[in-house]
There are 4 protein chains.
Amino acid sequence: MNDKKLKIINAAKKSFSHFGYKATTMDQIAKIAQVGKGTIYTYFSSKEEMLKAIIDLFVVEMRDVAESAIPRRQPFIKSFNEVLHTITKFQSEHELMIKLSQEVKEIGTPEVIAAMKSVEDEICEFIEVKIETAIERGELRKCDPKITSFLMFKMYVNLVNDWKERHEPLDKDQIAELINTYFIEGIGMKNEDY
Amino acid sequence: MNDKKLKIINAAKKSFSHFGYKATTMDQIAKIAQVGKGTIYTYFSSKEEMLKAIIDLFVVEMRDVAESAIPRRQPFIKSFNEVLHTITKFQSEHELMIKLSQEVKEIGTPEVIAAMKSVEDEICEFIEVKIETAIERGELRKCDPKITSFLMFKMYVNLVNDWKERHEPLDKDQIAELINTYFIEGIGMKNEDY
Amino acid sequence: MNDKKLKIINAAKKSFSHFGYKATTMDQIAKIAQVGKGTIYTYFSSKEEMLKAIIDLFVVEMRDVAESAIPRRQPFIKSFNEVLHTITKFQSEHELMIKLSQEVKEIGTPEVIAAMKSVEDEICEFIEVKIETAIERGELRKCDPKITSFLMFKMYVNLVNDWKERHEPLDKDQIAELINTYFIEGIGMKNEDY
Amino acid sequence: MNDKKLKIINAAKKSFSHFGYKATTMDQIAKIAQVGKGTIYTYFSSKEEMLKAIIDLFVVEMRDVAESAIPRRQPFIKSFNEVLHTITKFQSEHELMIKLSQEVKEIGTPEVIAAMKSVEDEICEFIEVKIETAIERGELRKCDPKITSFLMFKMYVNLVNDWKERHEPLDKDQIAELINTYFIEGIGMKNEDY
DNA sequence: CATGAATGAGGTTTCATTCAT
DNA sequence: AATGAATGAAACCTCATTCAT
């Protein structure tokens, strides 16, 4: 990856992040990247191609991390936390992707939408497999692995991104603790509580 | 509320919903509403004013429903479901508001953003009070009511909106059942399970 | 002339006077005239027709006054002053016509331009005839009557309208005196001055 | 000053001159200047800014010329002619400025109007000083220098611009001769004429 | 007749993309 | 390869005119 191309991609991410896709102009990106506007077209044939490139890059990075973070034979909760902690590194990129996925649904071609969705699907499927294994091992009660993984992932995203828009941000350990509290234990009264 | 004005608002909602704010053109709205482009400007002085009007309308409707749906002395889970079931009526509008809140952050004035956030806050606060009461009554285990209400609301939204983008949509009862399963009971193994 | 029609004409004159032809909207005219916008079209088929009607009306009024003011056998200067004094009554209308003649040149059809010009031409021709007679009678030195009448009329307009935009307005007698001073006597040194 | 920018300014002048400010479209200007419509916005942020730029440019040019044309110790009439002859270079621009000043009153900001007026004031004041000197030297009879300079300037403008709208245009010498005839000598009968 | 909501042609402005340097 | 001036399609908005009431 060329140095100029990288500067452009980072500038685009920053501006998409701040203003969104449609509201970001090529002029802004060029100014932030400190290159001429025309230079962008040396590396990307259009604004949309640039968006796709950013998304694809994110998917690839995501996959690498997810794979490298695959934990071995461990209780479910522990490996789940490890994966999510790793994902935390991508917190801000994640945020951007969520924003773009909202916006791109409106603009983008079906391929882009599919690419966007694949990011979340990737993670969800990884969690899904973990949950299935955990159920088989008797670490978790019976439940629909698809829905469960989907909801777990969403709760993670909610805690990392949406919560901090309203209140003090939560740190990694707090988030892991909360997911465990609500999801695994439940807050309903248990027999043992009496 | 005038008939033409209503047609325009609905057309705008539909188009914003599908394409987003920036990607929706006045021509599109006019075509969907089956009115002339100029007619829109009879009722709204600009595209942004139309957006604000739609948001304000939503805030008002939301408040009415929330207030009218206040259930009386009932076990927490039941009244919680009632409120959410009522909210379900606004499912699609809700979706639109979430989308716009993402996009409007970039365009809108702070007042609009505040108004947007107030919708979710309204609901979260309502749930929060319910949870506090439930904890006092011993219906729920001790937990942070703020975080809990936030996560419950988010899970509801995730199940209603995000899930159906990937899989078969879930009906009201399924959603209530799932929230109960994951949140209240938890999926971790309990002593009693053995 | 109908009452409503008169109200509309006066409203149009007022607004044209203040904002000019192009910058005056039919809405403004309707609001000032306190009639519905559609009512204007009961009396005038278009904005341009309304302009023409106002101009024509002015031409007619102008002619009436000019004719009624025709002075009989008198020294030129005296009858000239009489005519101009009469014209002074139309000062504000005059002002409007000058403004419109500037603007309409750009917008209007040739017919309108012709109509506009006819106002000034009317007056100039009247003065022209007076000057010719005065020359024949030996009241004035030989000079081109066309240019002279044109310049006299212009000087009158300049003194009535343009001067007051910069300084204190001049009254009728001052204006008559000035035209006499500059035009008839001249300010160059004469033999007799020595 | 850039070549393209100059072409645009000249095209705008031509079109403003012919059709006026409001009736001139950006498309027309672009077509006359043989540039794309967007190119105009590379040099001027809006139509109104373009108008202001043209006016400012005119004010500057006017001042330069007025200053450079200051004639030395000469009989009044001669130096007056020199100044006016110099101004003749700006004949068409002048015409445009007068037209715009009429129209801009409705549109423009007070600063623009002030700038516009300053052009004429500049010239009038210059003439005023000349007249005062001439009176002191006994070259002219006693008269109000302010009114006299104003009327002389106006007569010049009338002869250069307004006359040619109705009849054959007059050349420099004819104009100088006419101003002299009417203003300095007067057309009233003098004793010596008998 | 009187009205003003409805209309759409036409205006100003934005911005992704091209291309000569 | 790098640039940014130039471009025009397409966006938002205005307003003279029409027409159902």
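In this text, all values refer to a predicted model and were calculated from it rather than measured experimentally. Throughout, protein chains are lettered first and strands after them, A, B, ... in sequence-line order, and every chain is numbered starting at 1.
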Give me the atom names and distance for the closest heavy-atom approach of [X] to [Y].
X	Y	value
D:I32	D:S15	CD1-CB, 4.0 Å
A:Q28	A:F19	OE1-CD1, 3.2 Å
A:K47	A:M26	CG-SD, 3.8 Å
D:F44	D:A53	CE2-CB, 3.7 Å

- Any chance you could list the contact pattern along nucleotides 6-12 of chain E? Use B for base contacts, S for sugar-phosphate-only contacts and - for none, protein heavy atoms under 4.0 Å, 5' to 3'. BBB-BSB
- Query: Is a donor on one side and an acceptor on the other found under 3.5 Å between the side chain of B:K22 and the backbone of A:Y21?
  - Reply: no
- Evaluate the side-chain proximity of C:Y43 to C:I9: yes if any heavy-atom separation is below 4.5 Å, no if none is. no
Between [atom2] on [N] and [atom1] on [X], what's the gap in Å once rounded to a whole number?
X	N	atom1	atom2	result
C:I8	E:dA2	CD1	C1'	10 Å
D:I29	F:dG8	CD1	C1'	16 Å
C:F19	F:dA16	CZ	P	13 Å
C:K52	F:dA16	NZ	C1'	16 Å
D:K31	F:dG8	NZ	P	11 Å
C:K5	E:dA2	NZ	C1'	16 Å

- CD/C:E49: more than 12 non-hydrogen atoms of other groups inside 6.0 Å: yes
- So with a 6.0 Å cut-off around NZ of B:K14, is the heavy-atom count from everything else above 12? no
- Note on the structure: Stems with DNA chain F, 3 or more Watson-Crick or G-U pairs in a row (under 3.5 Å), are E:2-21 with F:2-21
